[in-house]
J.: 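Pasting a structure below so you can have a look.
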Amino acid sequence: MYQFIEFLAKNQKMILQALIIHIELVVIAVGIGALIAIPAGVILSRYQRAAKTTLATAGIIQTIPGLVMLGFALMLFGIGKTPAIVVLALYAILPILTNTYMGITEVDKHYKEAARGIGMTSLQVLYKVEMPIALPAIVSGIKISTVYIISWATLAALIGAGGLGDLIWTGLATTNQFYIIAGAVPAAIIAVLIGAMIDGVQKLVTPRGLKVGGRK
C-alpha cells in the first residue's frame, strides 16, 4: 500500500494529465454523438417506416469491435485524438438516437392533440410538448452513451490519443500493477460520478406524473 501511495505521489502530474485528456475525449465524443443523434431521432419519429431500418443500421456499429473501428480510423485519419473521437462519437450515437426516437414516439397522443387544439403548429408541438416530455428518455440515452464511452476511451491510447488508457496499457506492457490501477480506478470513479450527475439532471427534467418509455 505504501509503495502505491509513493507511486501516486511521484506520478500525480502524469495521472492528472491522463485523466483530463480522458474526460476531454469523452465530452467531445458524446457531445458530437448527441448533436447528431437528437436531431436524427426527431426526424425518425416523423418517418417511422424508415426508423427500424435506420436504427438497425446504426446498431451494426455497436457490434464492430472497438479495435477494428480504431484500425479503420487510424488508416483514414492517422494517429492522435481525431480518429479516436470519430470512433467514440460513432459509438455514442445509438443509445441517444434510440432513446430520442422512443421518447418522442411514446408521448401520449392526447397531449399532442390538445396542443394542436389550441392552435400550436407542428414545430411548437415538438418544442413545447414532445421534447420536454421526452427529455428524461433523451438524458437517459446520454447517460448510457457517456458510461460506455468512458470505458471504450481507454482503447484510444492504442492510437496515440492519450487518456487513462495510456496508464493501463503501460501497466500491461511492463507488468506493473500500479499503472493499471492508476488508470482503471479513476475511469471507474468518473463513470460513477458522471452517471450520478446525469441521474440528477434526469430527475430535474422529468415532468411530475409523466413517464415516458425509452431504453434505460
Side-chain angles (χ1 to χ4, degrees), residues 1-37 58-97 140-201 215:
M1 185 65 181
Y2 174 77
Q3 290 178 325
F4 181 60
I5 294 174
E6 187 178 14
F7 171 85
L8 292 178
K10 184 179 179 181
N11 297 282
Q12 58 180 330
K13 186 176 180 179
M14 176 184 64
I15 295 170
L16 180 60
Q17 184 178 14
L19 177 62
I20 292 171
I21 293 173
H22 200 90
I23 293 174
E24 180 185 1
L25 290 172
V26 172
V27 170
I28 294 173
V30 175
I32 293 172
L35 287 174
I36 295 171
I60 293 174
I61 295 174
Q62 301 283 356
T63 67
I64 302 174
L67 288 174
V68 175
M69 291 287 286
L70 286 171
F72 283 129
L74 181 63
M75 290 187 289
L76 292 172
F77 303 103
I79 293 175
K81 292 182 181 180
T82 299
I85 289 172
V86 169
V87 171
L88 294 174
L90 287 173
Y91 278 124
I93 288 173
L94 183 62
I96 305 173
L97 176 63
S140 177
I142 294 173
K143 175 189 174 182
I144 294 169
S145 282
T146 303
V147 173
Y148 284 167
I149 299 306
I150 289 171
S151 174
W152 289 333
T154 57
L155 296 174
L158 294 174
I159 58 172
L164 294 171
D166 265 347
L167 301 176
I168 295 172
W169 295 110
T170 299
L172 291 172
T174 61
T175 63
N176 187 326
Q177 61 181 347
F178 292 162
Y179 276 97
I180 298 174
I181 295 171
V185 172
I189 291 173
I190 62 174
V192 172
L193 291 177
I194 292 178
M197 288 172 59
I198 297 175
D199 281 339
V201 172
R215 291 176 61 187

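In this chain, residues are counted from 1 in sequence order.
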J.: So which pairs with a foot in residues 152-174 pass side chain to side chain donor-acceptor pair (under 3.5 Å), sequence neighbours left out?
T.: none
J.: Would you be so kind as to tabulate the donor-acceptor pairs closer than 3.5 Å made by side chains of residues 13-33, with sequence neighbours excluded?
T.:
| residue | atom | partner | partner atom | Å |
| --- | --- | --- | --- | --- |
| His22 | ND1 | Leu164 | N | 3.2 |
| His22 | NE2 | Ile150 | O | 2.9 |
| Glu24 | OE1 | Lys81 | NZ | 3.1 |

J.: What's the shortest heavy-atom distance between Ala161 and Gly80, and which atoms?
T.: CB-O, 3.6 Å
J.: Between Leu155 and Leu67, is any pair of side-chain heavy atoms under 4.5 Å apart?
T.: yes
J.: Which heavy atom of Phe7 sits nearest to which heavy atom of Ala182, and what is that distance?
T.: CE2-CB, 3.9 Å
J.: Sequence neighbours left out, what passes side chain to side chain contact (heavy atoms under 4.5 Å, CB included) with Val192? Give chain and number order.
T.: none
J.: Which value, rounded to the nearest 0.5 Å, describes the distance between Leu8 atom CG and Gln3 atom CD?
T.: 12.0 Å
J.: What distance separates Ile190 CD1 from Thr146 OG1, expressed to the nearest 0.5 Å?
T.: 10.5 Å
J.: Should we count CZ of Phe72 as having more than 12 external heavy atoms under 6.0 Å?
T.: no
J.: On a heavy-atom basis, which atom in Ala58 and which in Leu97 lie closest, and how many Å separate them?
T.: CB-CD2, 4.2 Å
J.: So, for Leu167 and Tyr179, which heavy atoms are closest and what is the spacing to 0.1 Å?
T.: O-CB, 3.3 Å
J.: Does anything in residues 184-201 pair up under salt bridge (charged side-chain N to carboxylate O under 4.0 Å, His left out), and if so which pairs, sequence neighbours excluded?
T.: Lys143-Asp199
J.: Considering non-hydrogen atoms only, spot the tightest contact between Ile159 and Ile79 and give its length.
T.: O-CG2, 3.0 Å
J.: Once side chain to side chain contact (heavy atoms under 4.5 Å, CB included) is applied, do any residues pair with Ala73, and if so which ones, sequence neighbours excluded?
T.: Phe77, Pro83, Val87
J.: Considering only distance and modelled atom types, tabulate donor-acceptor pairs under 3.5 Å from the side chains of residues 89-96, sequence neighbours left out.
T.:
| residue | atom | partner | partner atom | Å |
| --- | --- | --- | --- | --- |
| Tyr91 | OH | Ile64 | O | 2.5 |
| Tyr91 | OH | Pro65 | O | 3.4 |
| Tyr91 | OH | Gly66 | N | 3.3 |

